[in-house]
Amino acid sequence: MYPIYYGLAIIASVAALIGTIVIAKNVNKPENTSSPEDDAKQLKSAGNDTGSIPLLTTIYAITFVITAILMWIFIF
């Protein structure tokens, strides 16, 4: 039964890693703007954008909860 728990913990960790890599690639994509007006619009909209922090927080919160549950099952 313990190999199943180990497998679930590994799957949760790999899913969090993949999610983090996908978010990082989306953040690092170069954005091509052709005019100063486009740059100004982008800067104005960037002030309203909260970024990827809420999504990363959700990913790692879920991973933490799954890991904590699996550890609780393993210990008790």
Side-chain angles (χ1 to χ4, degrees):
M1 187 89 173
Y2 292 121
I4 293 172
Y5 298 142
Y6 293 137
L8 289 174
I10 290 170
I11 289 171
S13 299
V14 169
L17 176 65
I18 290 171
T20 302
I21 291 171
V22 168
I23 290 171
K25 285 186 178 186
N26 287 337
V27 169
N28 291 331
K29 283 185 179 177
E31 297 179 10
N32 296 330
T33 55
S34 59
S35 68
E37 291 83 16
D38 291 339
D39 287 339
K41 288 179 185 177
Q42 183 182 8
L43 288 173
K44 287 180 184 177
S45 67
N48 297 332
D49 186 21
T50 58
S52 59
I53 293 174
L55 187 55
L56 287 171
T57 303
T58 304
I59 288 172
Y60 284 106
I62 291 170
T63 303
F64 175 75
V65 168
I66 290 172
T67 305
I69 290 170
L70 291 174
M71 286 176 57
W72 184 78
I73 290 171
F74 182 74
I75 291 172
F76 298 109

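- With a 6.0 Å radius and a threshold of 12 heavy atoms from other residues, nucleotides or ligands, Tyr60 has its OH atom above the threshold.
- Grouping the Ile, Leu, Val, Met, Phe, Trp and Tyr side chains by contacts below 4.5 angstrom, directly or via other members, places Leu55 apart from Ile21.
- Exactly one residue among Thr58, Ile59, Val65 makes a side chain to side chain contact (heavy atoms under 4.5 Å, CB included) with Ile62. That residue is Thr58.
- The shortest non-hydrogen separation linking Ala16 to Thr63 is CB-OG1, 3.2 Å.
- In terms of hydrophobic clustering, with Ile, Leu, Val, Met, Phe, Trp and Tyr side chains grouped at heavy-atom distances under 4.5 Å, Ile4 and Ile11 are assigned to different clusters.
- Residues Trp72 and Tyr6 share a single hydrophobic cluster, defined by chaining ILVMFWY side chains whose heavy atoms lie under 4.5 Å apart.
- Annotation: the span from Leu70 atom CG to Ile75 atom CD1 amounts to 11.0 Å, rounded to 0.5 Å.
- Linking ILVMFWY residues whenever their side-chain heavy atoms come closer than 4.5 Å, directly or via other members, places Leu8 and Ile69 in the same cluster.
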